[in-house]
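The figures here come from the full heavy-atom set of this structure, side chains too, leaving out hydrogens, waters and symmetry mates. Model, not experiment: these values are computed from the prediction. Counting starts at 1 for both ligands and their atoms, in listed order.
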Amino acid sequence: MVRVRFAPSPTGFFHIGGARTALFNWLYARHVGGTFVLRIEDTDRERHVEEATEVILDGMRWLAMDWDEGPGVGGACGPYFQSQRDAIYGEYLDILRKKDKIYEKDGAIYFRVSREPQLIDDLIRGQVYRTEEKDFVIFRSNGTPVFHFVNVVDDVAMEISHVIRGEDHLSNSSKHVELFKAFGAPVPKFAHIPLILKTNGSGKMSKRDEGALVEDYRRKQFLPEALRNYLCLLGWSPKDDREIMPIEEVIRLFDLGDINKNNARFDDKKLAHMNAAYVKNMSMEQFLKKGKTLLPQVEVDEKYIDRVLAICQEKLRSFAELEHFVSYFFDENFAYDGEAKVHLKKHDPAARINEFLAAIENLGDFSEENLEKIVTELAEKYGIKTGDYIHTIRFALSGRTVGPSFYRMMPVMGRERVGKRLKRALEELE
Ligand code: GLU
């Protein structure tokens, strides 16, 4: 029976590296139909554990990594907060005492190591041997237990079969193997996941680095599925060129032996690209639903909002851009971009606007096709590039130089609104 765990220390942050460790545990549990345990390693009582734990739980829920045992869910091996397991630690300390594996010195309790090489059977690193040369403290003189002890006691008591965690813990593993053996418990398999390096490759990504926290992406309106997909690829790949993959497919293929030995490099551009692809691939229904949660309350027809959003999906890279991308659709007094205005003024924009206004006056259907046709005709008639019309009219209608497809946006605005905006722009450009 496979039982894995994610065992974060609540620091107040949910680091990308922690999320990836959680994800690999979750993927493996789901791949083999095992159990995914969430255990909070909150022995550091100084911190505000409750809020700090919430940050992690929120992030886990946002990324849709559900746990089978742990906070809020319960399970046969609880409690799942180390701060509530003192009695259990006392019992396990007695086991070591009876076996004469511990002694006291200066008020602290030391564990007696065997000084034999210990095998760390690692599914990523292979078979690693390390020898602990020195006895180590498992209870401090102030009576608090040390990480190595509680970590192993819980892995024993929770019957963890695979310890999947960051490579920074590889150096602790010989201590842990000594403890497992001292308890007479089976030693789990290990999988130490390589580090995540900063985008520029200059060392390990730390919580101080830009974009290192899950909450950053949530705040920036990334789609959680996109971030999760990206994290899957930080140290694992499906052995072909696929990058965008439904999570069910990753679960089907994921195995610990396929995790890369080399450090993974965090690539923020690739992540942004992945988010854009997920935005593009949303169903229209999902896109509209999400989009509406991000627009300020405006007094307009719901159908108008839907039509505006519908033409944005193909160009939008991130929901963080949405409000800026569409604001002028809902505001007749939108501001004109100063720089674009200066630039446009060199090209006689009033003439282009007047020509266009005259052409739409007798236009039948105010449709994409018809609008495209008149711009082509105007360009031919006056010997001017279609681009000049497009830039000028777009500026007149939105005050900007970029936005949704030019020909799609006019039918959405409607003939009347377009006419009014063109006239307002003429005054502005005088
Ligand atoms: N609390 C430890 C950490 O956050 C867990 C180590 C482990 O997974 O064994 O690094």
Tell me whether Asp337 is salt-bridged to Arg400, with the criterion being a basic N under 4.0 Å from an acidic carboxylate O. no
Would you please say whether a donor-acceptor pair under 3.5 Å links the side chains of Ser114 and Glu178? yes
Give me the residue, atom name and distance of the protein heavy atom closest to atom 5 (C) of ligand 1. Ala7 O, 3.1 Å
Identify, by atom number and element, the atoms of ligand 1 in contact range of Glu41, meaning under 4.0 Å from any of its heavy atoms. 1 (N), 2 (C), 5 (C)
Of all protein heavy atoms, the one nearest atom 6 (C) of ligand 1 is His169 NE2, 3.3 Å
Is the shortest side-chain heavy-atom distance between Glu69 and Arg3 below 4.5 Å? yes
With Asp135, the salt bridge (Lys or Arg N to Asp or Glu O under 4.0 Å) member among Lys101, Arg112, Arg115: Arg115
Is Asn151 in contact with ligand 1, taking contact as a heavy-atom separation below 4.0 Å? yes
Option passing side-chain contact (heavy atoms from CB on, under 4.5 Å) with Phe147 (candidates His176, Lys175, Gln82): His176
Taking 4.0 angstrom as the limit and counting only heavy atoms of Arg165, give me the atoms of ligand 1 inside it, by number and element. 7 (C), 8 (O), 9 (O)
Between Trp236 and Phe24, does the ring centroid distance fall short of 6.0 Å? no
Taking N or O atoms only and a 3.5 Å limit, does Ile164 qualify as a polar contact for ligand 1? no
Touching ligand 1 at all, His176? Heavy atoms, strictly under 4.0 Å? no
Those atoms of ligand 1 less than 4.0 Å from some heavy atom in Ser9: 1 (N), 2 (C), 3 (C), 4 (O)
Counting from 1 in the order shown, the ligand 1 atoms closer than 4.0 Å to a non-hydrogen atom of Arg5 are 7 (C), 8 (O), 9 (O)
May I ask you to decide if the ring planes of Phe136 and His148 are parallel, tilted or perpendicular, using 30° and 60° as cut-offs? perpendicular
